[in-house]
Novice: 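Below: one structure in structure tokens.
The chain is numbered in sequence order, starting from 1. Quick caveat: nothing in here was measured; it's all calculated off a predicted structure.
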Amino acid sequence: MNTTDFKQKLFSIDSIYIDEQRKEIISNIADYLSDFYSTNYNYLGVNYFNETYYVSEIILTKIGIGFSGILTEILFRAYEAKLIDEQKILELIPNQFAEQVIILLNGLNIVNKLEDEPVFGISKFDFENKASIMSKRSKKFAQSIEEYLTEQGEYFKHFYIAMGKDIRVILLKLAFHYYKVLNIKDLPEHKQKITSTEARYLYAPMAHQLGLYNVKTLLEETAMKYLNADVYQYIAKVLDETKTNRDKYISDFIKPIKKSIEELNFDAQIKGRPKSIHSIWKKMKKQNVGLDKIYDLFAVRIVLKNDFKNLQDEKSACWNVYSKLTDIWTPNPKRLKDWVSAPKTSGYESLHTTVIGPEGKWVEVQIRTQRMDEIAEKGSAAHWKYKEIKGQQGHEQWLIQLRQVLENPELQDTNSEVKKELYSDTLFVYTPAGELKKLHGGATVLDFAYKLHSHLGNSCIGGKINGKHVGIKHKITNGDIVEIVISKNQRPKHEWLDIVVSRHAKTRITRALKLLTQEKINQGKEKLIAIFDLTKQKYKKHDFAFDDKKLNQLLKKFAYSKINDFYLDYNDEKFSISEQLLYEMFVENTENNYENVIKRLNEQISTKLEEKPISNDLLLIDKNVSGIKYELAKCCNPIPGDDIFAFVSATSGTKIHKITCSNARELFTKYSYRVMRAAWKDVQTKQRFKAKLKIVSEQKPGIVAKISQIILNEPFIELYDININESKNETYEGTIGVLVNSTIFINNLIKKLKAISGILLVQRIENI
């Protein structure tokens with residue numbers, strides 16, 4: 001086809017979108033592209049002018065996108081080949097169309113590149129083998145290939161809309177695929193299978209949602225012909241063999257109906273049509289029966305051709321015909337579908353009913369006006385069903401917006417706001433294997449890991465996006481190819497809950513954290529039992545069995561009220577328990593004289609430090625100690641003013657302990673060569689330190705308020721925790737956490753608290 005033939009054939013198409021002025025625009029573009037389009041050929045060996053004409057005809061007669069869509073189709077091959085740029089388009093096309101055409105061209109370019117991306121390894125819908133492998137490899141994919149392909153088709157459909165920038169890009173893709181299906185016999189066998197798979201799972205559902213039922217039927221029928229050839233040929237053969245009988249049956253069924261409709265003074269066309277082979281096959285699968293059990297192999301359509309004044313008259317006419325029909329043939333009330341009073345969101349309007357005809361056979365009857373029939377055949381306006389994308393809320397308002405754009409293709413508004421509303425909270429990304437996944441907007445690499453599998457999420461340390469290493473916090477964008485990087489040593493963390501955006505990921509992280517916490521609790525208990533066993537071996541004459549009584553004494557010593565908190569902190573080494581401590585608690589002393597034993601122990605340690613320090617150096621503790629890294633030991637939490645010593649650990653640096661620390665005896669006895677003198681450089685420092693008090697009082701009214709008030713009135717003390725509850729022996733017991741500069745203030749506070757009437761005990765405790 002040359003330039004002249006192209007223009008003549010295109011202009012001969014009866015279309016409201018091509019007037020004389022627009023013919024001139026098309027003519028200028030065709031002349032400019034003449035050499036390239038007349039000498040280059042597509043995959044079928046058809047030159048570009050031929051292909052452009054056929055796809056344009058589909059756009060005009062089957063799809064109805066408008067003039068901008070036609071211009072986009074004509075220009076796209078040259079634009080894709082980079083033989084024409086945006087500047088030239090602005091020269092060839094008036095401003096009212098140019099901007100829309102450029103948007104559509106760029107959208108098509110993006111979508112086409114996604115299809116051809118070599119990293120996917122195979123075409124996006126060549127899933128037959130891959131789905132089978134996946135179903136064996138993972139429970140997640142232990143579903144039928146049918147379900148898998150349907151899901152992937154939905155993802156690709158939404159992805160195309162999100163990436164195409166304009167919903168009309170999808171309509172252009174649909175037109176081109178329709179052309180491809182019309183010429184499927186000329187494709188190689190493997191491409192016939194791919195094209196048919198795309199038709200069934202992506203483009204036919206699109207056409208259905210757009211109200212393009214003729215397009216949908218052709219795509220479904222062709223797909224079945226190539227993907228399920230045996231069944232297709234079998235049903236086609238049966239339909240052909242029974243055609244004569246069916247034609248007679250339809251004639252007998254229609255005759256009394258026609259007479260009744262004429263009595264209503266309606267001009268009606270009544271015809272019977274066989275149902276599509278694909279719809280018959282679907283019914284066989286749904287009912288799980290053979291073809292001989294499917295009785296309604298055809299439908300009768302009644303189309304009223306009168307000129308009705310308004311929609312209400314059309315509805316009334318349809319119901320009048322329904323009344324006459326059901327007077328003649330008995331209806332099945334359960335099979336009545338009223339899309340006249342409430343049209344489908346695709347714009348489809350019709351009354352459907354099923355009645356018992358001659359010989360007791362069920363017959364489906366459709367009743368509609370000529371306007372309704374044209375809408376059903378050609379599609380009223382191509383728009384998406386909002387309920388399938390964002391739920392029912394705001395459904396009608398969304399349809400109004402979308403109809404406004406797509407029922408008026410000439411409008412300047414390219415529905416970007418509608419598209420933004422639809423897909424601002426949705427991402428579509430690929431796995432390295434080419435599967436498409438849907439995520440929430442703002443999703444991170446960590447979200448994607450949990451989307452794939454909980455194990456991948458729990459072990460995730462980062463990812464690769466389009467081959468580039470990124471962290472778990474990195475936000476994903478549409479079209480990314482995302483690979484998850486894991487480590488067997490990785491564990492979920494609480495801060496991960498602030499990284500992920502999906503409820504699914506948050507739920508999986510919370511569950512994993514609970515399991516980890518329980519694991520740590522169990523490990524803490526096992527460690528405690530182990531230290532009891534070691535103590536038993538060391539002091540064989542004594543009973544060191546791990547029991548509730550000893551456990552309660554340990555809880556009391558370290559000021560814990562909950563056993564799980566105790567196990568958890570012990571496992572995390574927030575305090576330590578030695579064999580020496582267990583011996584002194586449960587053998588040398590009883591619970592009543594325990595404080596005296598600790599006092600004696602501390603005096604011995606203090607004397608030892610004076611007699612035999614590791615060196616004559618004195619380590620002065622300040623917030624800036626040059627060249628020495630130290631930490632305040634968590635087992636005793638010293639503050640300025642406490643008598644202290646330094647212990648040089650082999651693995652964790654220098655730790656500062658109180659002389660009264662429960663671990664002091666063991667450290668000095670076993671590792672005296674690592675012990676150093678230490679002192680505070682300035683007891684009255686500005687730095688704040690945590691300290692905790694144990695308090696016991698009588699259950700007097702207002703006593704807890706008095707305790708709180710005294711603390712709050714202290715200018716150099718800050719309260720950060722208070723936990724006082726009733727105990728079994730009719731007292732209040734609990735702990736108070738404060739921030740202080742030194743022991744001067746904590747000792748002064750203890751004196752003031754002890755002065756309160758009803759206070760039985762106030763003492764500083766080591767564990768915080």
Novice: Donor-acceptor pair, distance only, cut-off 3.5 Å: does the side chain of Thr72 make one with the backbone of Ser68?
Specialist: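 Yes; at least one donor-acceptor contact below 3.5 Å.
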Novice: Is any side-chain heavy atom of Asn245 closer than 4.5 Å to a side-chain heavy atom of Tyr249?
Specialist: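 Answer no - side chains too far apart.
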Novice: Please determine whether the number of non-hydrogen atoms from other residues, nucleotides or ligands lying under 6.0 Å from atom CG of Asp230 exceeds 12.
Specialist: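 At most 12 heavy atoms, drawn from other residues, nucleotides or ligands, come within 6.0 Å of this atom.
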Novice: Is any side-chain heavy atom of Val101 closer than 4.5 Å to one of Phe76?
Specialist: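 No, their side chains stay 4.5 Å or more apart.
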Novice: Surrounding NZ of Lys7 (heavy atoms of other residues, nucleotides or ligands, distance under 6.0 Å), is the total greater than 12?
Specialist: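 Buried by this count: over 12 neighbours within 6.0 Å.
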Novice: Is there a side-chain contact between Phe11 and Arg22 in this structure, where contact means two heavy atoms from C-beta onward sitting under 4.5 Å apart?
Specialist: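 Sidechains of Arg22 and Phe11: no contact.
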Novice: Give a yes or no on whether Glu241 atom CD has more than 12 heavy-atom contacts from other residues, nucleotides or ligands under 6.0 Å away.
Specialist: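 Enclosed: over 12 neighbouring heavy atoms sit under 6.0 Å from CD of Glu241.
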Novice: Under the 3.5 angstrom rule, does the side chain of Asn306 hit a backbone N or O of Phe308 as a donor-acceptor pair?
Specialist: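 Side chain of Asn306 to backbone of Phe308, a donor-acceptor pair under 3.5 Å: no, none is there.
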Novice: Testing the 3.5 Å rule here: is there a donor-acceptor pair between the side chains of Glu364 and Thr354?
Specialist: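 There is no such pair (donor and acceptor under 3.5 Å, judged by atom type) between the side chains of Glu364 and Thr354.
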Novice: Are Arg335 and Thr353 packed together at the side-chain level, in the sense that at least one heavy-atom pair is separated by less than 4.5 angstrom?
Specialist: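 Answer no - side chains too far apart.
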Novice: Check the orientation of Tyr179 and Tyr54. Use parallel for under 30°, tilted for 30 to 60°, and perpendicular for over 60°.
Specialist: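 Taking Tyr54 first and then Tyr179, their aromatic rings lie parallel (interplane angle under 30°).
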Novice: Is any side-chain heavy atom of Thr52 closer than 4.5 Å to a side-chain heavy atom of Arg77?
Specialist: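 When only atoms from C-beta onward are counted, Arg77 and Thr52 do touch, with a gap below 4.5 Å.
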Novice: Is it true that Asp313 and Ser316 share a donor-acceptor pair across their side chains at a distance under 3.5 Å?
Specialist: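 No.
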Novice: In sequence, state the C-alpha distance, the side-chain angles, and the governing distance for Glu349 and Arg371, and then conclude on salt bridge (Lys or Arg N to Asp or Glu O under 4.0 Å).
Specialist: CA-CA 9 Å; Glu349 297 172 83; Arg371 179 189 65 83; 3.0 Å; yes
Novice: Can you pull out every side-chain hydrogen bond (donor to acceptor under 3.5 Å, both in side chains) where at least one residue sits in residues 254-270? Sequence neighbours excluded, please.
Specialist: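 Passing the test, one end in residues 254-270: no pairs.
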Novice: How many angstroms lie between CG in Asn50 and OH in Tyr48, if you round to the nearest 0.5 Å?
Specialist: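 Separation between the atoms: 12.5 Å.
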Novice: If the plane angle is over 60° it's perpendicular, under 30° parallel, otherwise tilted; pick one for Tyr203 and His177.
Specialist: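 Rings of Tyr203 and His177: parallel, as their planes differ by under 30°.
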Novice: Looking at side-chain heavy atoms only, is the closest gap between Glu221 and Ile277 below 4.5 Å?
Specialist: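 Answer yes - side chains close enough.
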Novice: Tyr226 and Arg200: side-chain donor and acceptor closer than 3.5 Å?
Specialist: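 The answer is no; no qualifying pair exists.
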Novice: What are the two closest heavy atoms between Ile93 and Ala98, and how far apart are they?
Specialist: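 Shortest heavy-atom contact: CG2-N, 3.7 Å.
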Novice: Tell me whether the count of non-hydrogen atoms from other residues, nucleotides or ligands lying under 6.0 Å of NZ in Lys225 goes above 12.
Specialist: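 No - once you tally the heavy atoms of other residues, nucleotides and ligands closer than 6.0 Å, there are 12 at most.
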Novice: Hey, can you tell me if Phe176 and Tyr43 have their rings parallel, tilted or perpendicular (30° and 60° cut-offs)?
Specialist: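 Perpendicular, since the angle between the ring planes exceeds 60°.
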Novice: Treating Thr222 as the side-chain partner and Leu218 as the backbone partner, does any N or O pair qualify as donor plus acceptor under 3.5 Å?
Specialist: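 Checked: pair present.
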Novice: Between the side chain of Asp338 and the main-chain N/O of Ser341, is any donor-acceptor distance below 3.5 Å?
Specialist: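 Between the backbone of Ser341 and the side chain of Asp338 there is a qualifying donor-acceptor contact (under 3.5 Å).
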Novice: Would you find more than 12 non-hydrogen atoms of other residues, nucleotides or ligands less than 6.0 Å from Lys337 atom NZ?
Specialist: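 Not more than 12 within 6.0 Å, no.
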